[in-house]
Amino acid sequence: MPKAKGKSRRQKYSYNLNRKRLYRSARRRAAPRIACSHIRHAWDPTKSVAQNLAEMGLAEDPNKAVPIPKVLVSGMEVESSGRGQGKKIVRKPYVVNEMEYEASLPEKKSNTLSRDLIDYVRYMIQNHGENYKEMARDEKNYYQDTPKQIKRKINVYKNFYPQEYKDFVASLKQEKMDVQ
């Protein structure tokens, strides 16, 4: 079957096309990606990044915002820059206030283990107790975990659910006493 005519032909470079101008206009139109919703809502696309951040009371350059003092040999501190910075007017203080409030909220602990891992660990402890070598040889050890890997999984379960683990071990001891 013959090839398509245009496929093998080489693309010609267009010397008349001004790529710099195209690139600059695309950059100018693209708004900066802002992760924080408070900043995103207060952002004014007609102003520069420095102007927007100054209006919100945020620092554009953290190195200039909090200068590192120079320390002399004798241990006395000297100001790193003698330049006096002008007072900037904060027109949107609510942005910083909302961000501080959000940062002060306690963090949710959303770490949980999968139901499969919990069932696996409980099965192993129920059938083998603390014998990790026996657990490694068990037929339910589908992933062929080594004794150390199984021990690590059990320790993770202990750390995530300490009260549940204590209750489970106590119920196993109670069952053994009932059997005897």
Side-chain angles (χ1 to χ4, degrees), residues 26-27 29-43 45 49-50 52-81 90 92-180:
R27 264 188 34 214
R29 273 184 266 129
R33 287 192 159 179
I34 303 169
C36 181
S37 64
H38 308 298
I39 295 173
R40 191 180 307 120
H41 292 300
W43 195 265
V49 174
N52 271 309
L53 292 175
E55 279 188 356
M56 293 178 214
L58 300 172
E60 179 187 6
D61 185 5
N63 296 323
K64 290 179 183 173
V66 184
I68 300 172
K70 291 183 180 175
V71 180
L72 293 175
V73 178
S74 63
M76 295 181 62
E77 292 182 7
V78 178
E79 288 296 319
S80 62
S81 62
V90 179
K92 300 174 184 175
Y94 61 89
V95 175
V96 175
N97 295 338
E98 288 171 353
M99 289 172 68
E100 285 176 349
Y101 172 74
E102 206 173 275
S104 68
L105 293 174
E107 194 175 318
K108 278 186 179 177
K109 189 174 181 182
S110 62
N111 298 359
T112 57
L113 296 177
S114 68
R115 190 75 237 160
D116 293 337
L117 182 65
I118 293 170
D119 293 340
Y120 172 75
V121 167
R122 293 186 86 175
Y123 169 82
M124 290 297 185
I125 293 171
Q126 189 172 6
N127 290 348
H128 305 291
E130 294 287 317
N131 192 347
Y132 300 111
K133 287 184 180 178
E134 224 176 271
M135 290 179 193
R137 281 188 245 112
D138 192 291
E139 63 184 16
K140 287 253 183 165
N141 184 7
Y142 299 125
Y143 297 110
Q144 296 182 349
D145 293 329
T146 63
K148 280 191 175 182
Q149 288 172 324
I150 294 172
K151 185 176 183 179
R152 213 174 296 129
K153 286 181 180 181
I154 291 172
N155 286 335
V156 167
Y157 175 71
K158 285 180 189 177
N159 292 336
F160 272 79
Y161 305 103
Q163 190 59 42
E164 189 177 313
Y165 176 76
K166 288 176 187 174
D167 295 341
F168 179 64
V169 171
S171 70
L172 288 177
K173 287 181 182 176
Q174 188 66 32
E175 285 179 17
K176 284 183 182 176
M177 291 175 75
D178 291 344
V179 171
Q180 291 175 355

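- How far CG of Leu53 is from CD1 of Ile39: 7.0 Å, rounded to the nearest 0.5 Å.
- To the nearest 0.5 Å, atom CE of residue Met124 and atom OH of residue Tyr132 are 12.0 Å apart.
- Residue Ser37 holds its OG atom at 6.0 Å from CD of Glu102, rounded to the nearest 0.5 Å.
- Contact between Lys153 and Val121 at its shortest, heavy atoms only, is O-CG2, 4.0 Å.
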Would you please test Leu172 and Gln126 for side-chain contact (heavy atoms from CB on, under 4.5 Å) and show each step? CA-CA 7 Å; Leu172 288 177; Gln126 189 172 6; 3.7 Å; yes
For the pair His38 and Lys92, evaluate side-chain contact (heavy atoms from CB on, under 4.5 Å) and give the outcome as yes or no after the intermediate values. CA-CA 11 Å; His38 308 298; Lys92 300 174 184 175; over 6 Å; no
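- With rounding to the nearest 0.5 Å, the separation of OH in Tyr161 from OG1 in Thr112 is 5.0 Å.
- Remark: the backbone N or O of Tyr123 is not paired with any side-chain donor or acceptor of Lys140 at under 3.5 angstrom.
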Go through the steps to decide whether Tyr157 and Leu113 satisfy the test side-chain contact (heavy atoms from CB on, under 4.5 Å), and finish with yes or no. CA-CA 8 Å; Tyr157 175 71; Leu113 296 177; 4.3 Å; yes
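- Taken from CZ in Arg137 to CG in Asn131, the straight-line distance is 7.0 Å, to the nearest 0.5 Å.
- Between the CZ atom of Arg152 and the OG1 atom of Thr146 there is a distance of 6.5 Å, given to the nearest 0.5 Å.
- Counting only distance, with no hydrogens or angles, the side chain of Asn52 and the backbone of Trp43 share no donor-acceptor pair below 3.5 Å.
- Applying the 6.0 Å contact sphere to NZ of Lys158 captures more than 12 heavy atoms from other residues, nucleotides or ligands.
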